[in-house]
S.K.: 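Take this structure first; my questions come after.
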Amino acid sequence: HNNVFEKVMELPQAVEALIHHFFPTEILAELDLSTLKQEHDSFITEDLLPYFSDTIYSCERLGNKTYISFLFEHKSKYELPDLQLMTYAIQGYVKQKARWKTSNKTLKKQKKEPNKYVPTPILPVLLYHGTEKWQDKSFIDLFDLPSDTFKKYIPSMEYLLIDLNQYAD
């Protein structure tokens, strides 16, 4: 499955079709898909290599020049995807900040005004193709919390789930 996934995700027209078919209309309404392009980057760290392969696309949002990176990942079983995707996204934001620092160092050497740091949103998309029913749990559901006191201190993130088991071949 991994090889097929990677080959299909290399085709911008296939990714665009996937976005049109599966993304919520409120997200589609903000995207300029004519600017969709594959990024030759990765947010994978060595500790995530056993779990992930990634394909990242960027796309301008309508009305401004902000980019959204789409992290397409596939899973064949439920293995704490929230924690993995949070780790993955954090690596993306760390890379963005490092690029911003490098860019500003260059601007400083050229005696130009530094840019303000504005991170690019990362939209994680998880394609599930396992045989078991997807467990609709979030990371916070794993905690045994007697009250909501600590909930705000526990990180969480949402992702777009595309459960391929709901569709015929």
S.K.: Please round to the nearest 0.5 Å and tell me the distance separating atom CG of L123 and atom CE of M157.
M.R.: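 Between atom CG of L123 and atom CE of M157 there are 8.5 Å.
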S.K.: Would V94 and L83 show up in the same hydrophobic cluster when neighbours are defined by side-chain heavy atoms closer than 4.5 Å?
M.R.: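 No; L83 is not reachable from V94 via cluster members.
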S.K.: Go through the structure and list residues passing ring-ring contact (aromatic ring centres under 6.0 Å, His included) with F150, not counting sequence neighbours.
M.R.: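 Listed in chain order: nothing, the list is empty.
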S.K.: Using 30° and 60° as the class limits, which term best fits the ring planes of W100 and Y117: parallel, tilted or perpendicular?
M.R.: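 Ring orientation, 0 to 90° scale: tilted.
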S.K.: Is there a path of hydrophobic side-chain contacts, each under 4.5 Å between heavy atoms of I, L, V, M, F, W or Y residues, that connects L142 with W134?
M.R.: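 As far as the 4.5 Å side-chain criterion goes, W134 and L142 are connected within one cluster.
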S.K.: Spell out, as yes or no, whether a donor-acceptor pair under 3.5 Å connects the side chain of D141 to the backbone of S138.
M.R.: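 Yes, the answer is positive, given that a donor and an acceptor are paired below the 3.5 Å cut-off.
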S.K.: Rounded to the nearest 0.5 Å, what's the gap from CD1 on I122 to CD on Q91? Could you check?
M.R.: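 With rounding to 0.5 Å, CD1 (I122) is 10.0 Å from CD (Q91).
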S.K.: Are L18 and L164 linked, directly or through other ILVMFWY residues, by side chains that come within less than 4.5 angstrom of each other?
M.R.: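 The answer is yes; both residues are in one hydrophobic cluster.
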S.K.: If I take atom CZ from residue F23 and atom CD from residue E16, how far apart are they, to the nearest 0.5 angstrom?
M.R.: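 It is 11.5 Å, given to the nearest 0.5 Å.
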S.K.: Given the rule in the side chain to side chain contact (heavy atoms under 4.5 Å, CB included) test, do S103 and N115 qualify, once you have shown the distances and angles that lead to the verdict?
M.R.: CA-CA 8 Å; S103 173; N115 295 319; 4.0 Å; yes
S.K.: If the condition is salt bridge (Lys or Arg N to Asp or Glu O under 4.0 Å), which residues does K151 pass it with, not counting sequence neighbours?
M.R.: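 Testing K151 for salt bridge (Lys or Arg N to Asp or Glu O under 4.0 Å), a comparison that skips the adjacent residues, returns D148.
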S.K.: Could you tell me which residues satisfy side chain to side chain donor-acceptor pair (under 3.5 Å) with S58, sequence neighbours excluded, listed by chain and number?
M.R.: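 S58: side chain to side chain donor-acceptor pair (under 3.5 Å) contacts with E39.
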S.K.: Any donor-acceptor pair under 3.5 Å linking the side chain of Q96 with the backbone of T120?
M.R.: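 At least one qualifying donor-acceptor pair exists.
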S.K.: Rounded to the nearest 0.5 Å, what separation is found between the CG atom of L126 and the CG atom of L161?
M.R.: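 Taking CG in L126 and CG in L161, the distance rounds to 6.0 Å.
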S.K.: Between P24 and L160, what is the shortest heavy-atom contact and its length?
M.R.: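 Smallest heavy-atom distance, with atoms named: CD-CD2, 3.7 Å.
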S.K.: Which pair of non-hydrogen atoms, one from R61 and one from P121, has the smallest distance, and what is that distance?
M.R.: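 Taking R61 first and P121 second, the nearest heavy atoms are NH1-CG, 4.1 Å.
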S.K.: Could you go step by step and tell me if V15 and V8 meet the side chain to side chain contact (heavy atoms under 4.5 Å, CB included) rule?
M.R.: CA-CA 8 Å; V15 173; V8 169; over 6 Å; no
S.K.: How far apart are the closest heavy atoms of L107 and P114, and which atoms are they?
M.R.: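 Taking every non-hydrogen atom into account, CD1-CA, 4.2 Å.
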S.K.: I need the I27 CD1 to C59 SG distance, nearest 0.5 Å.
M.R.: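 I27 atom CD1 to C59 atom SG measures 11.5 Å (nearest 0.5 Å).
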S.K.: Under 6.0 Å from the CD atom of E132, do we count more than 12 heavy atoms belonging to anything else shown?
M.R.: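 No, the 6.0 Å shell around CD holds no more than 12 heavy atoms from other groups.
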S.K.: Distance from M9 atom CE to L11 atom CG, nearest 0.5 Å?
M.R.: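 Taking CE in M9 and CG in L11, the distance rounds to 8.5 Å.
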S.K.: With sequence neighbours excluded, tell me which residues meet side chain to side chain donor-acceptor pair (under 3.5 Å) with T102.
M.R.: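 If we apply the side chain to side chain donor-acceptor pair (under 3.5 Å) test to T102, skipping adjacent residues, there are no hits.
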S.K.: Closest approach of P81 and Y159, non-hydrogen atoms and distance?
M.R.: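 Nearest heavy atoms, P81 then Y159: CG-OH, 3.8 Å.
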S.K.: Checking S147 now: which residues fulfil side chain to side chain donor-acceptor pair (under 3.5 Å) with it, not counting sequence neighbours?
M.R.: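 S147 satisfies side chain to side chain donor-acceptor pair (under 3.5 Å) with T149 only.
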S.K.: Carefully, step by step, assess L33 and H20 under the rule side chain to side chain contact (heavy atoms under 4.5 Å, CB included).
M.R.: CA-CA 9 Å; L33 291 177; H20 272 292; 3.3 Å; yes
S.K.: When hydrophobic residues are tied together by side-chain contacts of less than 4.5 Å, even through go-betweens, does L62 share a cluster with I19?
M.R.: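 No, L62 and I19 fall in different hydrophobic clusters.
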S.K.: Could you work out, with ring-ring contact (aromatic ring centres under 6.0 Å, His included) as the rule, every residue matching F139, not counting sequence neighbours?
M.R.: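 F139 satisfies ring-ring contact (aromatic ring centres under 6.0 Å, His included) with F143 only.
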S.K.: Near E158 CD, under 6.0 Å, is it more than 12 heavy atoms from other residues, nucleotides or ligands?
M.R.: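 Open.
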